[in-house]
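Take this structure first; my questions come after.
Values reported hereafter were calculated over all heavy atoms of this structure, with side chains retained and with hydrogens, waters and symmetry mates removed. Just so it is clear: chains get the letters A, B, ... in the order the sequence lines come, proteins before strands, and each one is counted from 1.
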Amino acid sequence: MAGEGGYVDEQAIKDCQHDLGMDRPKFVQFVDFITGFMVFDLGESMWTGKAITHELGLRFQLSLQIAIMATLVAVVIAIPLGTISAIRQDTWLDYAVRTFSIAGIAIPSFWLGIMIILGLLISTQAWFGEPWMPPIEYVSPLEDPVANLVQLIWPAVATGYRYSAVATRMTRSALLEVLREDYVRTAKAKGLIERIIINRHALKNSMLPVVTVIGIEFAFLMGGLVVTEQVFNLNGVGKLFVESVQNHDYTMTQALVMLVALVFVVTNFVVDLFYAMLDPRIRYS
Amino acid sequence: MKPSTKLAIALGAGAAFALGAVATASAAPKRGGMLNIVVGSKIPSYDGHRETTFGMIHPIRPFYSLLIRVNPDNPQSTSDFTCDLCESFTKSSDGKTYTFKIRENVKFHDGTPLTSQDIKATMHKLIFPPKGIASSRKAFYGMVESVEATGKYEVTFKLKYATGGFIPALATPFNFVYSKKDLDTHGYKWHMKNINGTGAFTFVQHQPGAFVEGKRYANYHLKGEDGKNKPYLDGYKAISAPKMAIRLQAIRGDRAQIEFRAFPPKARDDLKKALGDKITVQESDWNCVMGFSSNQKLKKFQDVRTRQALSMGLDRWGGSKYLSKIAIVKTVGGTVFPNHKLAAKKEELMQLRGYSTDLAASQAEAKKLLAAAGMSGASVELLNRAVDQPYKVVGTWMLGQWKKLGLKTTQIVLPTGPWYAKFRKKKDQETMIDFNCQGVVNPLIDASKWLSNDIASNNYANYQDRQLDKWYDQMNRTGDEAEAYSIMRKYEKRILHEKAHYAVSFWWYKINPYRSYVKGWNIAPSHYLNQSLDQVWLDK
């Protein structure tokens, strides 16, 4: 209610605090939150007054899609480049891939995002006479898949590049380690062609640490794309996190902390399942 | 009085000034199209009576009508008010009774016909809210004694005293007219989460954090230039974009056509450079005053000489020249919106401490005052808000000015929440960037900021000055324009000069670059005003 400095009645502020339950003892507020949480009642946003599950649902869909798209971009870039870099170790190709991946780690994804938008605006104006940029309002893929892709491909590339850089380096080092294993040497001695050795024996075994990195990054993307979401004006979970803290929306902030924790737990569980799939020796009994 | 009649209210005969206000295109308005607006703030709730932010006004105002409003074709005038839901109104000879004739055949978006009972119920919620119901501008209506429906389409306001502050207060853009049926059926908090107005657009959807969408209301009560019902647009989307860079790029990339708050000068120049005549710019003084206040709860600032010296250290005229190139501030003024009938003229301002054009003399006197107060070379902290425009720019400039007086200066910059908490709850700041942003230019009400702190909750200097309270009351109760002007000068002189309770640095300056094919919108002296969108059209 404070707005931009206009008159605000003190009583109105007190009434507002009463409505929000903020005039109750902290302990009572905490017990209220915990009992609600046990039955998945996250309450209402202190800022908008709407159900938190409703507010989260809108953002979660977008953040999940970005996370999946960025993961796809990262995997498509990281696995081939990491593999090439490992099997062509210390050649110019290896140096080029390593430079590319180190640049990806060094360049903040939000900066890359800004450059992508500016690049699009300037280049389209130069070529077509009218500047163009991706839409700034989210369209669901079920509603208009093309518009959705046109909007989200850019942030997916911006975040996927950084993500791929980490995964590329991990793929390279894991593969190099596997390529020095006895069973790879045996396979070579047997006369197997290199493509089969790499694809069937080495790559699969080198994927365990890569999957771990991908899992951690995926979970991070679900709540950590704070700046990139702002650069592309994406209404995701990261932006909501920042806004809820700025607005002192405690109920929303608590719910988001719980959500992100849940995403990490679920992602780690999925990563564990992948371990078992990639390495038959791993069994959870 | 006809709807478009300019109201010669007692104190509101301010001149429409030359700044900004480009003429609306003379071409006939075209119908159709969607307007995309970018909005840099968020919607706390939909209830205009409760909220105070443009983050609510810009997306939600088009769904509602007001009883009267600032003339959308002449919003620069501080005295031109037109009927919206009224057809006409009259004022009694003693200035204490206003009777409004309400339009017939107006319907809320749910089909409920509008009558005087809706106006009465709305005004009661605004002016006499029941306990527990927030009405943020209730204090604007201290002069109102009663509001009665004196006919099916007639509402009468009885005032305790005649005042020029009533009509501008009534035209406040937050005064959305609600249906009595909704208030009776759903309660006074229903409008926080629901929308049912008589405005030019009907609510389609709100995706929290993303956008609000409205579509044309076919039964809107105002006619366009073509004789058909307004609005001209098929609809609009108010897209939330907290980052200024995004809002700017959105206009450049034509994803949005306009932003109604303001951009800094550099952003305007960048857009013009990139797009040339595809961008139109309107500029205006802004009904937001910026300056600093010294916390008189602290012993350090209880000596008036210290406060006077800090004010005298500011090179207002030079600062205006250079800061207006990088920040959204420009005009040097006093406590009244520049160019308003009640505002001080330049020669009057120059009689006040800190407004002299002889900077060297001012600074020399300021140093003497500091020495006399035992503050030579003392340290001074300035509390500021972590918002670039214009807070940090002006704050940094202010510190530079004070350093020239030999003071050791520190700036404490806090995010908005902790910033408010520091001076509203802790009240332990030394000096702070202080401001007063209002909607309709209404100096008689706007000047309430400088009342004693047990009356004005936004008096952050924490003083009590009963002389000011007395003059304020006198100003509001006189119907005589010349007398009000005279009292306002005394009021202003005491605040800025004699007691130095507050120091005005500059008035904000509003710059709105937008796509040239957007027509019919005229800049107002406030980002809260002229947002109904019923007169806006797209020349495409």
Taking side chain as everything from C-beta outward and backbone as N, CA, C, O, which of these in A:Leu118 sits under 4.5 Å from a heavy atom of chain B? Side chain, backbone, both or neither.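 Contact with chain B is through the side chain of A:Leu118 alone.
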Select one option (side chain, backbone, both, neither) describing which atoms of B:Ile43 are under 4.5 Å from chain A's heavy atoms. backbone
Just so I know, are the side chains of A:Leu234 and A:Gln151 near enough to count as touching, which here means a heavy-atom distance under 4.5 Å?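 A side-chain contact under 4.5 Å exists here.
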Residues of residues 53-72 of chain A near chain B, each having a heavy atom less than 4.5 Å away: A:His54, A:Glu55, A:Leu58, A:Arg59
So, for B:His527 and B:Phe260, is the gap between ring centers shorter than 6.0 Å? no
Given a strict heavy-atom distance threshold of 4.5 Å, which part of B:Ala241 is in contact with chain A: side chain, backbone, both, or neither? both
So, do B:Asp254 and B:Arg515 sit near enough that their side-chain heavy atoms are less than 4.5 Å apart? yes
Counting only non-hydrogen atoms closer than 4.5 Å, does B:Asp434 touch chain A with its backbone (N, CA, C, O), its side chain (CB onward), both, or neither?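 Neither the backbone nor the side chain of B:Asp434 comes within 4.5 Å of chain A.
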I need the single residue from A:Thr253, A:Thr251, A:Asp249 that forms a side-chain hydrogen bond (donor to acceptor under 3.5 Å, both in side chains) with A:Ser244. Which is it?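 Among A:Thr253, A:Thr251, A:Asp249, the one that satisfies the side-chain hydrogen bond (donor to acceptor under 3.5 Å, both in side chains) with A:Ser244 is A:Thr253.
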Okay, side chain of B:Ser45, backbone of B:Asp47: is any donor-acceptor separation there less than 3.5 Å? yes
B:Tyr46 vs B:Phe203 aromatic rings, parallel, tilted or perpendicular, using cut-offs 30° and 60°?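 Taking B:Phe203 first and then B:Tyr46, their aromatic rings sit tilted (interplane angle of 30° to 60°).
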Is the B:His58 to B:Tyr528 ring centre distance short of 6.0 Å?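 Centroid distance B:His58-B:Tyr528: not below 6.0 Å, so no.
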List the steps, then state whether ring pair (Phe, Tyr, Trp, His ring centres under 6.0 Å) holds for B:Trp419 with B:Phe423. CA-CA 7 Å; B:Trp419 182 68; B:Phe423 57 81; 4.8 Å; yes
Between B:Lys131, B:Arg247, B:Lys189, which has the largest tally of heavy atom pairs under 4.5 Å with chain A?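 The candidate making the most pairs under 4.5 Å is B:Lys189.
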Considering only heavy atoms, which portion of B:Lys42 lies under 4.5 Å from any heavy atom of chain A: side chain, backbone, both, or neither?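 For B:Lys42, backbone and side chain are both near chain A.
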Please find out if less than 6.0 Å separates the ring center of A:Phe264 from that of A:Phe220.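 No, ring centres 6.0 Å or more apart.
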For A:Tyr161 together with A:Phe100, are the ring centres under 6.0 Å from each other? yes
I need the residue from B:Ser41, B:Pro242, B:Pro129 with the largest number of non-hydrogen atom pairs under 4.5 Å to chain A. B:Pro242
What part of A:His18 is in contact with chain B, defined as an atom under 4.5 angstrom from a non-hydrogen atom: side chain, backbone, both or neither?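 Answer is neither: A:His18 stays 4.5 Å or more from chain B.
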